[in-house]
Number of protein chains: 2
Amino acid sequence: MDPINIRQLAEKLNLSVSTVSKAFRNSYDINPQTRERILALARELNYQPNPAAASLRTQQSKTLAVILPAIDNTFFVQALKGIETVARQRGYHVLIYVSYDDHDQEVALTNSLQRGRIDGVLMSIADAGKDLGHLSELGAKGIPVVFFDRVYEHDDHFQVTTNDRESAYSATAHLLGLGCRRIAHLTLDRSLSIADRRRQGYLDALRDYGIAEDPDLVFACPVDAEQKYEALHAFLARERPEAVFSSFENLALLTYQACASLALRIPQDLKIISFSNLEAAPLLSPALSTVHQRAYEIGSSASGILIDLIEQKPTPGFRKLSLPATLELRTSTIG
Amino acid sequence: MDPINIRQLAEKLNLSVSTVSKAFRNSYDINPQTRERILALARELNYQPNPAAASLRTQQSKTLAVILPAIDNTFFVQALKGIETVARQRGYHVLIYVSYDDHDQEVALTNSLQRGRIDGVLMSIADAGKDLGHLSELGAKGIPVVFFDRVYEHDDHFQVTTNDRESAYSATAHLLGLGCRRIAHLTLDRSLSIADRRRQGYLDALRDYGIAEDPDLVFACPVDAEQKYEALHAFLARERPEAVFSSFENLALLTYQACASLALRIPQDLKIISFSNLEAAPLLSPALSTVHQRAYEIGSSASGILIDLIEQKPTPGFRKLSLPATLELRTSTIG
DNA sequence: TTGAAAGCGCTAACAA
DNA sequence: TTGTTAGCGCTTTCAA
């Protein structure tokens with residue numbers, strides 16, 4: 001029942017604890033036969049080294065923390081898959097923390113991250129418009145951090161993102177190419193690296209097509225739960241855009257709902273394209289055109305870079321890695 | 001940079017380490033002013049107790065492991081949300097492990113769970129048809145486990161599930177009530193507590209409506225990636241059921257695809273209802289009727305029970321908690 | 001190739 | 001109310 005420790009194991013073998021310890025970290029200065037004998041008995045007695053003790057001694061926990069703004073979101077789920085897979089391959093455990101898009105929770109969470117429990121942090125931030133002192137504190141504790149997707153724009157940090165500006169540009173250009181002129185942009189009501197870049201791509205495309213920017217056509221959705229749908233509904237009813245480019249999946253889904261309520265037909269009355277990794281996008285009514293991010297790769301790369309950092313392996317010379325998104329055009333724009 | 005330890009903190013305060021230690025676990029035998037003085041300096045110097053050391057000493061890590069068969073699945077994501085929320089409220093950290101529906105990975109994962117790293121395990125199993133010795137080993141290590149959704153049918157263990165049989169019955173009865181007679185059932189190609197119960201609900205409903213069971217109408221989908229769609233497509237083409245009751249979300253989505261390819265109209269040619277927590281279900285073409293599980297509550301309850309178990313608090317007298325699902329009827333059946 | 005021993009940072013029993 | 005101290009289980013240096 002109670003797990004045995006290394007000393008009891010050593011005693012049963014008439015060996016010293018140091019020899020037994022060596023067997024588990026296949027040190028070279030150990031007799032292969034001794035090693036086998038040790039491992040065999042360990043298996044039999046179900047001995048497993050106590051990770052807390054090892055961690056205390058070696059000052060490494062083989063554990064990463066992942067801090068996400070949300071989890072019920074196809075992008076983050078797929079990124080998490082990438083993170084978990086690489087971490088496990090390399091012998092790391094993954095602690096998950098969700099800030100629920102709340103800056104204060106993110107701060108509390110980050111500050112509670114102790115040296116000793118984790119070796120590094122993967123992070124997608126909730127709101128870059130707030131005080132980001134908690135991120136510097138992580139650095140001050142000597143904990144390596146890699147940001148992904150919703151990054152902290154700071155040259156000192158590694159980050160893995162999508163080519164947000166370029167793919168937002170392509171999505172907008174796609175709508176422009178279809179002849180749309182009144183193109184609305186849906187984004188979030190807060191400062192976010194990715195939101196800024198996607199909006200920039202939208203604006204750049206408008207400019208290149210000689211369309212004047214109309215601030216009324218940019219809808220920055222309040223993040224707080226309830227009002228979202230009402231606000232978006234009112235916006236669409238008021239502005240009656242010909243097309244919508246949405247930077248966030250959930251805003252696209254809300255637009256579908258609002259269109260039903262407003263009796264707007266997609267794509268005849270309103271075309272829509274959105275950043276989204278929703279697997280069911282082709283099955284929506286109508287099938288949703290998406291900007292599809294390489295979520296799994298973003299997660300796996302970020303995870304790999306973080307572990308390299310922790311293990312002081314050579315890391316990429318550039319600190320910013322950007323993976324291209326792909327446009328997946330469907331009926332909601334090309335019906 | 002390098003974090004200071006409790007001794008250094010104590011020295012700076014001219015106090016002993018034990019007094020300082022007490023301040024952090026608001027022990028009663030400490031002067032409130034001393035306590036304040038300690039906490040103030042700790043804040044200033046950014047001192048945080050080393051969790052590995054505490055864990056080694058107290059034999060508890062304040063960490064739970066969650067083992068899931070999949071993560072890109074609305075049910076598990078929502079359950080995870082419930083788990084994480086409750087865990088955090090109660091001061092626990094959450095390690096996440098994904099078995100990717102692979103029994104061998106699950107075994108490896110489970111066996112690698114060490115006493116000392118985690119205080120307890122939340123688990124949804126990959127395949128109950130295989131050797132489940134690894135689960136007993138967890139018990140042998142004295143690690144408490146709570147199963148949820150895909151549970152290990154064993155009276156010794158706590159489990160939190162949906163009322164699978166009953167809701168499967170209702171879903172099937174709904175189709176029968178619409179006049180359908182050739183009702184297919186989609187399930188997975190493996191032994192799974194929930195699959196068995198849902199199938200039973202389906203069979204019970206058929207029987208109560210006086211319909212003979214037709215084994216050809218039960219499609220047990222291979223879990224391996226590639227062949228899934230082909231197999232399902234062939235099944236639908238061959239059997240031409242009037243309706244489908246699916247026990248798993250992804251099979252419903254595949255059915256939508258297959259219907260498009262077979263030029264079957266939903267619901268005119270084929271009605272479909274499925275277990276699913278997909279947020280976009282109302283937006284599908286057509287809107288999907290679902291059996292919606294209380295995923296968040298299942299996760300939060302399981303998490304709460306596990307922590308009670310760990311902390312030796314009184315746990316529910318009954319070991320099996322079942323939360324009812326709700327039928328959400330939409331166009332795919334009542335079009 | 002093996003072993004002795006120090007010590008990682010903390011908690012808790014006990015003494016003062 | 002505060003302090004002394006043993007020891008949680010492991011790794012690692014150094015000696016044998």
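Just so you know, these numbers come straight off a predicted model, no measurement behind them. All heavy atoms count here, side chains included; hydrogens, waters and symmetry mates do not. The chains referred to below are lettered A, B, ... by the order of the sequence lines, with proteins before strands, and numbering in each begins at 1.
Under 3.5 Å, the side chains of Thr63(A) and Arg117(B) contain a donor-acceptor pair of N or O atoms. A donor-acceptor contact under 3.5 angstrom links the side chains of Ser16(B) and Thr19(B), judged on distance only.
Computed from coordinates, the Ile6(A) CD1 to dA5(C) P distance equals 17 Å when rounded to whole Å. Remark: P of dG3(D) and CG of Leu13(B) are 10 Å apart, rounded to the nearest angstrom. dC10(D) atom P lies 6 Å from atom CG of Asn5(A), rounded to whole Å. Rounded to whole angstrom, the span from the CD atom of Glu11(A) across to the P atom of dC10(D) amounts to 13 Å. Residue Leu9(B) contributes atom CG, which lies 13 Å from atom P of dG9(C) at whole-angstrom precision. Rounded to whole angstrom, the span from the CD1 atom of Ile4(B) across to the C1' atom of dC8(C) amounts to 16 Å. Taking atom CZ of Arg117(A) as the reference point, atom C1' of dG9(C) lies 14 Å away to the nearest angstrom. One atom, CZ of Arg37(B), and another, C1' of dT1(D), lie 13 Å apart when rounded to the nearest Å.
Applying the 4.0 Å criterion to OP1 and OP2 of dT11(D), one finds that Gln59(A) has every side-chain N and O outside that range. Contact between the side-chain N/O atoms of Thr19(B) and the OP1/OP2 oxygens of dG3(D) is found at a separation under 4.0 Å. Look at Arg25(A) and you'll find a side-chain N or O under 4.0 angstrom from OP1 or OP2 of dT12(D). Applying the 4.0 Å criterion to OP1 and OP2 of dT2(D), one finds that Thr34(B) has a side-chain N or O inside that range. Between Asn50(B) and the phosphate of dG9(C), there is no side-chain N or O to OP1/OP2 separation shorter than 4.0 Å. For the OP1/OP2 pair of dG3(C) and a distance below 4.0 Å, the side-chain nitrogens and oxygens of Ser16(A) include at least one atom meeting the criterion. The shortest distance between the side-chain N/O atoms of Gln8(A) and the OP1/OP2 oxygens of dG9(D) is not below 4.0 Å. Within the 4.0 Å cut-off from OP1 or OP2 of dT11(D), at least one side-chain nitrogen or oxygen of Ser21(A) is found.
Between the side chain of Gln114(A) and the backbone N or O of Pro49(B), at least one donor-acceptor pair lies under 3.5 Å. A distance-only check finds no donor-acceptor pair linking the side chain of Ser193(A) to the backbone of Arg150(A) [under 3.5 Å]. At distances below 3.5 Å, at least one donor-acceptor pair connects side-chain atoms of Arg25(A) with backbone N or O atoms of Ser21(A).
The side chain of Leu56(B) lies closest to dG9(C) when the candidates are dG9(C), dA5(C), dA12(C). Across dG3(D), dA5(C), dC10(D), the shortest atom-to-atom separation from the side chain of Leu15(B) is found for dG3(D). The Ala54(A) side chain lies nearest to dT11(D) when the options are dG9(D), dT11(C), dT11(D).
A donor-acceptor contact under 3.5 Å links the side chain of Ser18(B) to the base of dT4(D).
Residue order along DNA chain D, read from the 5' end via each residue's closest nucleotide, puts Asn14(B) first among Asn14(B) and Arg57(B).
Checked for salt-bridge contact, Glu311(B) and Arg90(B) meet the test: a charged N lies under 4.0 Å from a carboxylate O.
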